[in-house]
Amino acid sequence: MRRQGNRFALVPISLALIVLLSGCWNRNELNELSIVLGIGIDKMDDHQYEVSFQVVDPNQMSRTRSSDRTPTSVLSVRAESISEALRKTAGMSSRKLYISHLQILYLDEATAKQGINEPMDWLLRDYEIRPVFDLVIVRDHTAKDALSFVTSTELLPAMDMHKALKLSYKSWAPTVYSRAKDFLESLSKDGIEPVITGLQLGSQIDKAKTMDNVNKSTQHANYYFSGIGVFQEDHLVGWMNESESRAYNYLTNHVVTSVNKIDCPDSNFQYTLEIIDANANLQPRVVNDKPVLEVRIKIVSNIQEMGCNNIDLKKEDDLLKLQKLAADQYVVTLNHGIQKAQSLGADIFGFGEAFHRAYPAKWHEWKGDWDRRFQEMDVTVSVNLEIQRNGKIISPFGMKQNKQE
C-alpha cells in the first residue's frame, strides 16, 4: 500500500513538470527559412538605404541542381533602416529571411562616409546575430553589385569572398581582416581608430552578375581586396594604398606571413623575401610635455626569389648587405604609412592606446585633442631584419656559378 501511495504522490509532481517543459515555442522549420549569407547597404539620394540580401536557393544546393541558375538570389528593398527592410521582404519571398548565419556585410563608400553606426545598430543589437561577420567597403561600385557577383570557386558568392578575405589576410600583408566585433572594440577604446578593408570588382560588372562569368575558364571579371579604409569614429575619412596598408599591419602586429620585393644593391634587379615572423614594439615617451614614440620592429624572413646577379649568398658580407637594404626599405614604407595616417588625423595604429597604458595621467589630459597631437607627433622607426634561410640553391637559377655548386 505504501508503494502504491508513493505512485499517486508522483502524479501532481509530474503534471507540474509537464507544464514547465513547454518545448521550442519559437522554433523555425528549415523549410520555412531562407538563409542570408551576405547583406549589402547602399546610401540613396533620398536619405534612404537600399538594403540587399544574398539568399541561398535551397533547390540549387542539391546534387541534381540545374546549372543555368545561380545558387543564390538577391532581394533588394529601400527603407530607412535594416530592420524595416527585412520586414518589407516578407512580401517578396515565401520564406522568412534568417540572418543568424550572416558571413559578410558590404557597405558602399557613401554609407561609410556618412557613418555606419546607424545601419549597424540593429545588426549588433539583435540577439540572433553573432557579431563575427566580416566588414567590407565596396569601392567604385555598389554593395548590391558585390552581392550579385557570380564567383567561380565557391557556389555561394558571400562564402567565396569570406574565405578569400581570410586567406588573403593570412598570406598577404596589405590586407586587413575586420569583423564587426573588432570594429566595435576599436570604437569603444581610447587611442585607436578602426579600419575596414576595401573590395574592388572588375570592369565588366554586368557580365559578372550572370552565369557567363563562370562558364568559361577565363572570367569576365574578378574581384580583389585592395586598400584599407581609415575611419574616425564611424566615418570613413580616407584610403591607404597597398604600401601604406602593409605598414598598418606591421605596426599593429597583424602580419601572419607575406612576401616583399626588395631592390638589389647596385643593379636594377630585385629579390623577394618571405616574411615568416614580424613583431612591433612601441616605446612611448614624453618630451617637453609632448608625445614622442619609438617603434622597433623585428622581422624574420627567408629568401624566396633571388634576382641579384652580383650577390654571393655564401659570403656573410653580401647577406648582411641584403638584410640592411631590406630593413632600410621597410623603414621608408612604415614611415609613409604613418605619415598618411597622420595626414588623415586618424590614429589607426593604437599609438594613443600605448600612451594610455604608459602614462595614464597624461593621457587623461591629452585624449580630448589626441587627433591633433597624433598629427604632430614625432615617430622614429627602426627595423631589425634577419634572413634565416636561402632556399635549396644559392646563386640565382641559370647562372654559371649555380651549375658549379
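Below, all heavy atoms of this structure are taken into account, side chains as well, without hydrogens, waters or symmetry copies.
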Q: Scan side-chain atoms only and decide if D145 and T142 contain a donor-acceptor pair under the 3.5 Å cut-off.
A: yes
Q: Is there side-chain contact between Q54 and I39, with heavy atoms separated by less than 4.5 Å?
A: no
Q: At their closest point, which heavy atom of V195 faces which heavy atom of F183, and how far apart are they?
A: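 Taking every non-hydrogen atom into account, O-CD1, 4.5 Å.
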Q: Is any side-chain heavy atom of F149 less than 4.5 Å from a side-chain heavy atom of L147?
A: no
Q: Could you tell me whether K321 and D317 have a side-chain N and a carboxylate O separated by less than 4.0 Å?
A: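 Salt bridge between K321 and D317, a charged N being under 4.0 Å from a carboxylate O: no.
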Q: Taking the cut-offs as 6.0 angstrom to the six-membered ring centre and 45 degrees off its axis, would you call R246 and W172 a cation-pi pair?
A: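 Judged by the rule (NZ or CZ under 6.0 Å from the ring centre, within 45° of its axis), R246 counts as positioned above W172.
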Q: Any heavy-atom pair between the side chains of D347 and D371 that's under 4.5 Å?
A: no
Q: Side chains of Y223 and D160: is there a donor and an acceptor less than 3.5 Å apart?
A: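 Per modelled atom types, Y223 and D160 side chains form a pair under 3.5 Å.
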Q: Inspect the contact between E84 and R87 and indicate whether a charged nitrogen and a carboxylate oxygen are less than 4.0 angstrom apart.
A: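 Salt bridge: no.
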Q: Are the side chains of V51 and V77 in touch, meaning some heavy atoms are under 4.5 Å apart?
A: no
Q: Would you say D312's side chain and D318's backbone share a donor-acceptor pair under 3.5 angstrom?
A: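 Here the side-chain-to-backbone pair does not exist.
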Q: Do Q304 and N302 have side-chain N/O donor and acceptor atoms under 3.5 Å apart?
A: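 Per modelled atom types, Q304 and N302 side chains form no pair under 3.5 Å.
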Q: Without hydrogens or angle criteria, can the side chains of H356 and D190 be said to hold a donor-acceptor pair below 3.5 Å?
A: no
Q: Evaluate whether atom NZ of K290 has more than 12 neighbouring non-hydrogen atoms of other residues, nucleotides or ligands under 6.0 angstrom away.
A: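 Count not over threshold, so no.
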Q: May I ask you to decide if L107's main-chain N or O and T111's side chain share a donor-acceptor pair within less than 3.5 Å?
A: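 Judged by distance alone, no pair lies under 3.5 Å.
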Q: Using the benzene-type ring in the case of Trp, are the ring centres of Y169 and F225 under 6.0 Å apart?
A: no
Q: Taking CG in D266 as the centre, count heavy atoms belonging to other residues, nucleotides or ligands within less than 6.0 Å. Is the count above 12?
A: no
Q: Any donor and acceptor pair, going by atom type alone, linking the side chain of T272 with main-chain N or O of E305 inside 3.5 Å?
A: no
Q: Within the distance-only criterion (no hydrogens, no angle test), does the side chain of E386 pair as donor or acceptor with the backbone N or O of K298 below 3.5 angstrom?
A: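 Looks like no, no N/O pair under 3.5 Å.
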Q: Hey, could you give me the CD1/OG distance between I137 and S178, rounded to the nearest 0.5 Å?
A: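 I137 atom CD1 to S178 atom OG measures 8.5 Å (nearest 0.5 Å).
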Q: Between atom CG of L199 and atom CG of L201, what is the distance when rounded to the nearest 0.5 Å?
A: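 Answer rounded to 0.5 Å: 5.0 Å.
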Q: Using modelled atom types only, decide if a donor and an acceptor are shared between the side chain of S100 and the backbone of E128 within a distance under 3.5 Å.
A: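 Flag set: sc S100 to bb E128 pair under 3.5 Å.
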Q: One thing to verify: whether K340 and E244 come together as a salt bridge, which I'm taking to mean a side-chain N less than 4.0 angstrom from a carboxylate O.
A: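 The answer is yes: the pair qualifies as a salt bridge.
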Q: Say whether, by atom type as modelled, one donor and one acceptor occur between the side chain of Q232 and the main chain of V237 under 3.5 angstrom.
A: no
Q: Is there a donor-acceptor pair closer than 3.5 Å between any side-chain N or O of S245 and the backbone N or O of M240?
A: yes
Q: Kindly say whether V332 contributes a backbone atom to a donor-acceptor pair with the side chain of N335 at under 3.5 angstrom?
A: no
Q: Measure the acute angle between the ring planes of Y330 and Y250, then classify it against the limits of 30° and 60° as parallel, tilted or perpendicular.
A: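 If you compare the ring of Y330 with that of Y250, the planes turn out perpendicular.
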Q: How many angstroms lie between CZ in F374 and CD1 in I192, if you round to the nearest 0.5 Å?
A: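 So the CZ of F374 and the CD1 of I192 are separated by 10.5 Å.
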Q: With rounding to the nearest 0.5 Å, note down the distance linking CG in L319 to CD1 in I387.
A: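 Result: 5.0 Å between the selected atoms.
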Q: Should we count CD of E316 as having more than 12 external heavy atoms under 6.0 Å?
A: no
Q: Supply the atom-to-atom distance R95 CZ to I35 CD1, rounded to the nearest 0.5 angstrom.
A: 9.0 Å
Q: Answer yes or no: is there a donor N or O on one side and an acceptor on the other, between the side chain of R139 and the main chain of S226, under 3.5 Å?
A: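 Pair found, side chain donor or acceptor close to backbone of S226.
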Q: With side chain to side chain contact (heavy atoms under 4.5 Å, CB included) as the test, pick out the partner of F231 among I348, L344, L236.
A: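 So, applying the side chain to side chain contact (heavy atoms under 4.5 Å, CB included) to F231 and each of I348, L344, L236, only L236 qualifies.
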Q: Side chains of W370 and E193: is there a donor and an acceptor less than 3.5 Å apart?
A: no
Q: Are more than 12 heavy atoms from other residues, nucleotides or ligands located less than 6.0 Å from atom NZ of K88?
A: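 Enclosed.
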Q: Take the angle between the ring planes of W366 and F355 and call it parallel below 30°, perpendicular above 60°, tilted in between.
A: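 The arrangement is perpendicular - the two ring planes meet at more than 60°.
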Q: Cation over ring, K43 on Y49, under 6.0 Å and within 45°?
A: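 Judged by the rule (NZ or CZ under 6.0 Å from the ring centre, within 45° of its axis), K43 counts as positioned above Y49.
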Q: Measure the shortest side-chain to side-chain distance between K144 and V138 over non-hydrogen atoms and say whether it is less than 4.5 angstrom.
A: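 K144 does not reach V138 side chain to side chain.
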Q: To the nearest 0.5 Å, tell me how far L334 CG sits from I297 CD1.
A: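 Output value for this atom pair is 4.5 Å.
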Q: Check whether any side-chain N or O of Y271 sits under 3.5 Å from a backbone N or O of L322 as a donor-acceptor pair, and report yes or no.
A: yes
Q: Should L293 and V295 count as side-chain neighbours, where that means a heavy-atom distance under 4.5 Å?
A: yes
Q: Can you tell me if CG on N268 sees more than 12 non-hydrogen neighbours from other groups inside 6.0 Å?
A: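 No, CG of N268 has 12 or fewer neighbouring heavy atoms, counting only those of other groups under 6.0 Å.
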Q: Using side-chain heavy atoms (C-beta onward) and a distance below 4.5 Å, is I104 in contact with F133?
A: no
Q: Do other residues, nucleotides or ligands put more than 12 heavy atoms under 6.0 Å from Y177 OH?
A: yes
